[in-house]
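Take a look at the structure below.
Counting from 1, the numbers follow the sequence of the chain as shown.
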Amino acid sequence: MTLPPEKIWAMQWKAAAPELKRIRDQELRNLDSHTGFPAQQSPYENGLVIWQRWMMRLALLNAYTKSQNRV
């Protein structure tokens with residue numbers, strides 16, 4: 001008998017739940033209580049800040065490219 005994909009999916013998540021909980025608990029223990037960032041990570045190197053830097057670079061590159069096309 002073959003199980004439907006939804007049943008298999010639910011069983012896989014149920015099996016993964018203890019490991020995911022262990023990982024979450026470990027990451028919460030590693031947070032710096034003052035900043036909310038991981039203790040070993042600088043608050044200036046989180047994903048949002050890195051993404052914002054890349055978007056600023058893209059905006060500057062686009063502005064430079066447009067200015068070069070006008071000349």
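With rounding to the nearest 0.5 Å, the separation of CG in Leu28 from CD1 in Ile23 is 12.0 Å. Note that the CD1 atom of Ile8 and the OG1 atom of Thr2 stand 8.0 Å from one another [nearest 0.5 Å]. From Met55, atom CE reaches atom CZ of Arg53 across 13.0 Å, with rounding to the nearest 0.5 Å. Distance CD/Gln12 to NZ/Lys7: 12.5 Å, rounded to 0.5 Å. Between Trp51 atom CH2 and Leu48 atom CG the span is 7.5 Å, to the nearest 0.5 Å. Considering NZ of Lys14 and CH2 of Trp9, their distance stands at 13.5 Å, rounded to 0.5 Å.
The shortest side-chain heavy-atom distance between Gln26 and Arg29 falls under the 4.5 Å cut-off. The closest side-chain heavy-atom distance from Arg24 to Lys21 is below 4.5 Å.
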